[in-house]
Number of protein chains: 2
Amino acid sequence: MISNARSAYQVHDHQRCIDAALNRARQCCAAANARLTPIRETVLLLIWKSHKPLGAYSIVEQLPALTGKRIQPPSVYRAIEFLLELRLIHRIPSLNAFIGCPFPGSEHSDVFMVCRQCGSAAEVSADNLNQLIAETTHKAGFQLESQTVEVSGLCLACNPETPH
Amino acid sequence: MISNARSAYQVHDHQRCIDAALNRARQCCAAANARLTPIRETVLLLIWKSHKPLGAYSIVEQLPALTGKRIQPPSVYRAIEFLLELRLIHRIPSLNAFIGCPFPGSEHSDVFMVCRQCGSAAEVSADNLNQLIAETTHKAGFQLESQTVEVSGLCLACNPETPH
DNA sequence: GGTAAAACGATATAATGTACCAACTTTGTC
DNA sequence: GACAAAGTTGGTACATTATATCGTTTTACC
């Protein structure tokens, strides 16, 4: 099992998250022979600025401060589409929002834990869980191709019962 | 494990699905002291007319044929909200669409199998899967409150490798 | 029958996402 | 370098999904 929950939900040097994410992105793009253009990189940066899923129109609003000019929704959605395809970000359907993938490149399925209080989201990837989902749906006659698990509740930091 | 996959994906007497669903709905409403008004019942009927998740605006379009008058989006969304609260239907976030719940009243978490080819969706509820999701997220420090699992792939009927 | 709560009607508008086409940039080839 | 092809961006308009607001009607209950 791998997860970024500890870092996502607790105080940490977030600049390191951002730097690491951008470095991984550059590597992924180089490997895929894809171009991480300024718009794409800035959109990825904005998404990584926090551990809260970010909506497309929030990105549209925040881009001018970083680029000096307004960028229209279609361009933002194109950047998002690019980042999704390279699996550098994920879409969280119930929020219509996007979050950086902490471990791109590694084969994994999406399990997101969204805190209903602070809004942060972390990702976890667990082989045995993926396997059980595959088995369960297979028993129901379904040939699984992709999956998204969304969990809502309280994160480490927001749960009063957590010692920390 | 309980699932409606067999009936959802294969030829069957769908009128029985509809009738059963409406009967369950009446029981649920009576038990909850809630009113299954004509609009609400018609919306539920429309959602149950097929095993494909139905969008709110499809309902808006189809209602006049059943009720004789146009019903505006807010009224439809209010009916949907009511049905969601009573757990008579589910929302499938990735589709912005709604599907009838085949086993309301019984405590369960949502696992949806959406066929990418025919668009039908079935639901499965498996205790061991729910438990593993709870365990996995708990290990990551998360206190789970609700979950939605969406699986995409090929259903029984659309999978050429399925003998049937 | 009077009253409060619940439900509905109707208009307007917010939020999210896409189609389309023109212009510009990069890449590869000669 | 000149050129063509592919990829990327700019910009307008529009489609789709969802909600805010307020006035009216219906229902439940005493």
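Computed from a predicted model, the values in this text were never measured in an experiment. Proteins get letters first, then strands, A, B, ... in listed order; numbering begins at 1 in each.
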Of I80(A), D110(A), N96(A), the residue whose pairing with R91(A) passes side chain to side chain contact (heavy atoms under 4.5 Å, CB included) = N96(A)

Find the distance between CG (L129(A)) and CG (L129(B)) and round it off to the nearest 0.5 Å.
-> 6.5 Å

Take Q15(A) and D19(A) through the side-chain hydrogen bond (donor to acceptor under 3.5 Å, both in side chains) test and state the conclusion after the steps.
-> CA-CA 6 Å; Q15(A) 188 59 48; D19(A) 293 343; 2.9 Å; yes

For side chain to side chain contact (heavy atoms under 4.5 Å, CB included), just list the numbers for S120(A) and C155(A), CA-CA rounded to whole Å, side-chain angles, deciding distance to a tenth of an Å, and then say yes or no.
-> CA-CA 8 Å; S120(A) 290; C155(A) 76; 5.6 Å; no

Nucleotide dG17(C), atom P - distance to CD1 of I80(A) in whole Å | 8 Å

Of the options L54(A), T42(A), I71(A), which is the one that meets I59(A) in a side chain to side chain contact (heavy atoms under 4.5 Å, CB included)?
-> L54(A)

Going only through I, L, V, M, F, W and Y residues with side-chain contacts under 4.5 Å, is there a path from I99(B) to V149(B)?
-> no

Would you say C29(B) and R26(B) make side-chain contact, with heavy atoms under 4.5 Å?
-> no

Over 12 non-hydrogen atoms of neighbours within 6.0 angstrom of CZ in R24(A) | yes

Measure the spacing between CZ of F142(B) and CZ of F112(A) and express it to the nearest 0.5 Å.
-> 12.5 Å

Shared ILVMFWY cluster between L44(A) and F82(A), side chains joined below 4.5 angstrom?
-> yes

For the side chain of S3(A) and the backbone of E123(A), is there at least one donor-acceptor N/O pair under 3.5 Å apart?
-> yes

For S75(A) and G55(B), take the nucleotide of DNA chain D holding the closest heavy atom to each; which residue's nucleotide lies nearer the 5' end?
-> S75(A)

Check DNA chain D against residues 82-98 of chain B and give the residues with a non-hydrogen atom under 4.0 Å, in numerical order.
-> R91(B), N96(B)

Once you build an axis from the first five pairs and another from the last five of the helix from dG1(C)-dC30(D) to dC30(C)-dG1(D), how far apart in angle are they, to 10 degrees?
-> 30°

Full working for side chain to side chain contact (heavy atoms under 4.5 Å, CB included) between T148(B) and T148(A) = CA-CA 8 Å; T148(B) 301; T148(A) 301; over 6 Å; no

Taking atom P of dG17(C) as reference, at what distance in whole Å does atom CD1 of I59(A) sit?
-> 10 Å

Under 4.0 Å from any atom of DNA chain D, heavy atoms only: list the residues of residues 29-46 of chain A that qualify, in numerical order.
-> R35(A), T37(A), I39(A), R40(A)

Terminal contacting nucleotides, 5' and 3', DNA chain D versus chain B (heavy atom, 4.0 Å) | dT17(D) to dT27(D)

Are V151(A) and L154(A) grouped together when hydrophobic residues (ILVMFWY) are joined by side-chain heavy atoms under 4.5 angstrom apart?
-> no

With a 4.0 Å heavy-atom cut-off, tell me which residues in residues 64-73 of chain A come close to DNA chain D, sorted by residue number.
-> K69(A), Q72(A)

Between atom CZ in R78(A) and atom C1' in dA19(C), what is the gap in whole Å?
-> 11 Å

Tell me the ring pair (Phe, Tyr, Trp, His ring centres under 6.0 Å) pairs involving residues 5-38 of chain B, sequence neighbours left out?
-> H12(B)-H14(B), H12(B)-H51(B), H14(B)-H51(B)

About how many Å separate CG of L86(B) and SG of C101(B), when rounded to the nearest 0.5 Å?
-> 11.5 Å

